[in-house]
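One structure below.
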Amino acid sequence: MEKARPQWGNPLQFVFACISYAVGLGNVWRFPYLCQMYGGGSFLVPYIIMLIVEGMPLLYLELAVGQRMRQGSIGAWRTISPYLSGVGVASVVVSFFLSMYYNVINAWGFWYLFHSFQDPLPWSVCPLNSNHTGYDEECEKASSTQYFWYRKTLNISPSIQENGGVQWEPALCLTLAWLMVYLCILRGTESTGKVVYFTASMPYCVLIIYLVRGLTLHGATNGLMYMFTPKMEQLANPKAWINAATQIFFSLGLGFGSLIAFASYNEPSNNCQKHAIIVSIINSSTSIFASIVTFSIYGFKATFNYENCLNKVILLLTNSFDLEDGFLTVSNLEEVKNYLASTYPNKYSEVFPHIRNCSLESELDTAVQGTGLAFIVYTEAIKNMEVSQLWSVLYFFMLLMLGIGSMLGNTAAILTPLTDSKIISSYLPKEAISGLVCLINCAVGMVFTMEAGNYWFDIFNDYAATLSLLLIVLVETIAVCYVYGLKRFESDLRAMTGRTLSWYWKVMWAFVSPLLIVGLFIFYLSDYILTGTLQYQAWDATQGQLVTKDYPPHALAVIGLLVASSTMCIPLVALGTFIRNRLKRGGSAPVA
């Protein structure tokens with residue numbers, strides 16, 4: 001008798017696992033950036049449309065395939081057609097790449113969390129220079145938060161060509177992050193099913209606390225008005241639609257095989273259609289909710305910097321022209337500046353180069369995403385809050401919960417096909433397979449803790465998954481609709497769940513979603529080609545800012561390898577299967 005497949009304790013565990021996986025760091029640090037870049041409230045129009053025509057249908061497709069085939073990504077696609085095993089292999093390869101670098105973010109989260117208990121926060125002030133005669137030069141040119149990120153956390157090298165050594169502190173944090181993941185996945189669905197209740201719900205508790213705090217901050221309304229004021233002209237911008245489609249696609253975690261793995265542990269009669277709708281709506285609602293929190297804090301930071309800038313100008317003019325203290329205020333600043341310029345033109349022209357141009361709009365326009373938003377912009381705002389240690393601990397604890405929740409899905413995508421394999425599982429117990437996967441990922445991930453590690457992190461983040469995932473999901477939809485057959489799949493779903501498939505799902509799967517993915521694939525491919533020489537942002541310590549540099553040949557080779565290693569799995573495995581079948585047929589042919 002074949003060993004019974006493990007199952008979720010109840011359907012709620014499955015929903016929480018999907019939410020914990022789908023709701024990740026992208027909801028907190030990429031969606032607000034896209035809102036800022038593409039018209040504030042008007043960005044919600046393409047975002048919701050893409051959710052309906054792309055997000056929900058593709059999420060339901062992956063859940064239905066996993067539940068029907070009751071196997072991980074490799075086994076599920078092999079069942080549909082032996083020639084499609086490569087789709088599952090490609091998913092595992094992409095998930096492996098993602099796991100290698102994604103847990104580094106959790107390592108940084110641990111690093112910041114441990115430092116959040118200090119008073120004052122270590123990123124709130126610049127350290128003294130070696131002579132103790134002033135502040136560190138690099139920190140003065142940048143800012144205390146940038147200095148703590150680039151110098152203290154990353155100890156970043158000037159370029160990708162200068163690798164430097166492994167930093168022992170981030171390396172220890174990375175080991176801790178992998179140990180956490182291992183403990184969560186140790187016993188498969190048995191342990192993961194319990195952990196996801198916490199990793200899925202805890203970030204919402206922190207976001208609600210942050211929302212209450214954010215709305216009471218001075219200047220929060222400036223940020224919220226900026227977010228919700230729609231710039232309707234952006235609806236005519238094709239990049240707004242492309243980014244909306246991309247955000248939906250990657251935010252739900254399509255193509256990695258994690259959703260197929262999770263659904264394979266469901267009861268066959270489970271209503272995965274309802275769960276697909278619930279998960280996709282919760283995921284998108286979280287993005288909007290997190291944006292409200294982010295923009296209220298963004299408004300506070302921008303207002304704080306703007307008023308700080310004005311106060312410096314007031315102090316400069318008061319001292320330069322011996323004005324009475326309190327005479328110059330924010331309300332009469334422009335009027336007095338004009339008066340001084342006309343009355344004392346020579347003296348004013350000397351002072352003028354030192355007068356900063358203060359603008360609240362330009363402060364709000366500064367668009368930041370990814371690690372820059374999480375570890376620089378947020379920490380900049382937190383250090384100016386009252387009881388900053390408390391808010392810092394809460395924020396980085398939330399980031400860790402989001403990161404670890406997503407990691408559970410990433411590792412499930414790798415482990416499920418491995419534990420499904422009778423060859424591997426006959427030699428190694430589940431705990432040993434999980435341990436080996438975590439150990440290999442942790443060892444390779446040490447590359448990202450070197451001085452040039454952040455540059456390699458950006459390469460993996462930008463190139464390891466984009467084109468590969470689009471190709472994987474395109475092949476998935478074609479495989480279900482045209483290889484396995486949409487009618488056959490529809491009858492399977494009816495037999496499993498007792499529900500008929502509506503025309504909406506069939507139209508989306510067969511026509512709309514594949515065409516949309518082809519469009520995205522062409523856009524990204526042409527964008528890479530038209531970009532010319534690929535470039536990256538390097539930290540220049542002498543200027544205290546980022547500078548643009550060209551990738552060296554060895555980095556370009558790694559980028560090419562990353563893209564090719566996953567995408568080529570699909571045609572190569574299909575070719576291998578074809579050759580093997582031909583050889584079998586040739587070997588079994590009757591002798592004349």
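- Looking at residues two or more places apart in sequence or on another chain, you find no disulfide bond (SG atoms under 2.5 Å apart) involving Cys442.
- Proximity of a side-chain donor or acceptor of Asn271 to a complementary backbone N or O of Lys274 within less than 3.5 Å is detected.
- Inspection of the Thr286 and Tyr204 side chains reveals an N or O donor paired with an N or O acceptor under 3.5 Å.
- Counted within 6.0 Å of NZ on Lys141, heavy atoms from surrounding residues, nucleotides or ligands total more than 12; the atom is thus considered enclosed.
- Using a 3.5 Å distance cut-off with no hydrogens or angles, the side chains of Tyr38 and Asn237 do not pair a donor with an acceptor.
- Annotation: side chain to side chain donor-acceptor pair (under 3.5 Å) contacts involving residues 448-457, sequence neighbours excluded, comprise Asn163-Trp456.
- Screening residues 282-297 for salt bridge (charged side-chain N to carboxylate O under 4.0 Å, His left out) gives no qualifying pairs among residues at least two apart or on separate chains.
- In terms of the side chain to side chain donor-acceptor pair (under 3.5 Å) criterion, Tyr60 has no residue partners (sequence neighbours excluded).
- Between the side chains of Asn222 and Thr303, at least one donor N or O lies within less than 3.5 Å of an accepting N or O.
- With hydrogens and angles ignored, the 3.5 Å screen pairs no side-chain donor or acceptor of Ser124 with any backbone N or O of Pro120.
- For the disulfide bond (SG atoms under 2.5 Å apart) test, residues two or more places apart in sequence or in another chain that qualify with Cys139 are Cys126.
- Under the salt bridge (Lys or Arg N to Asp or Glu O under 4.0 Å) criterion, Arg213 pairs with no residue, sequence neighbours left out.
- Applying the side-chain contact (heavy atoms from CB on, under 4.5 Å) rule to Ile281 yields the partners Met56, Ile277, Ser285; only residues at least two apart in sequence or on another chain are considered.
- With no hydrogens or angles considered, no side-chain donor-acceptor pair links Gln7 and Asn266 at under 3.5 Å.
- For Glu190, the salt bridge (Lys or Arg N to Asp or Glu O under 4.0 Å) partners at least two apart in sequence or on another chain are Arg187.
- Between the side chains of Arg30 and Asn243, at least one donor N or O lies within less than 3.5 Å of an accepting N or O.
- For the residue pair Trp123/Thr145, the side-chain donor-acceptor check at 3.5 Å is not satisfied.
- The six-membered or imidazole ring of Phe448 lies away from that of Trp108, with a centre-to-centre distance of 6.0 Å or more.
- No side-chain donor from either of Ser392 and Tyr112 sits under 3.5 Å from a side-chain acceptor of the other.
- Between Ser566 and Ser468, the side chains place a donor N or O and an acceptor N or O closer than 3.5 Å (distance only, hydrogens not considered).
- Every residue two or more places apart in sequence or in another chain that forms a salt bridge (Lys or Arg N to Asp or Glu O under 4.0 Å) with Glu138 is listed here: Arg151.
- In terms of the disulfide bond (SG atoms under 2.5 Å apart) criterion, residue partners of Cys309 (sequence neighbours excluded) are, by chain and number, Cys358.
- For Tyr395 and Tyr378, the ring centers are positioned less than 6.0 Å apart.
- In terms of the salt bridge (Lys or Arg N to Asp or Glu O under 4.0 Å) criterion, residue partners of Lys383 (sequence neighbours excluded) are, by chain and number, Glu380.
- Sequence neighbours left out, not one pair with a member in residues 220-245 passes salt bridge (charged side-chain N to carboxylate O under 4.0 Å, His left out).
- No hydrogens or angles considered: nothing links the side chains of Asp458 and Asn461 as a donor-acceptor pair under 3.5 Å.
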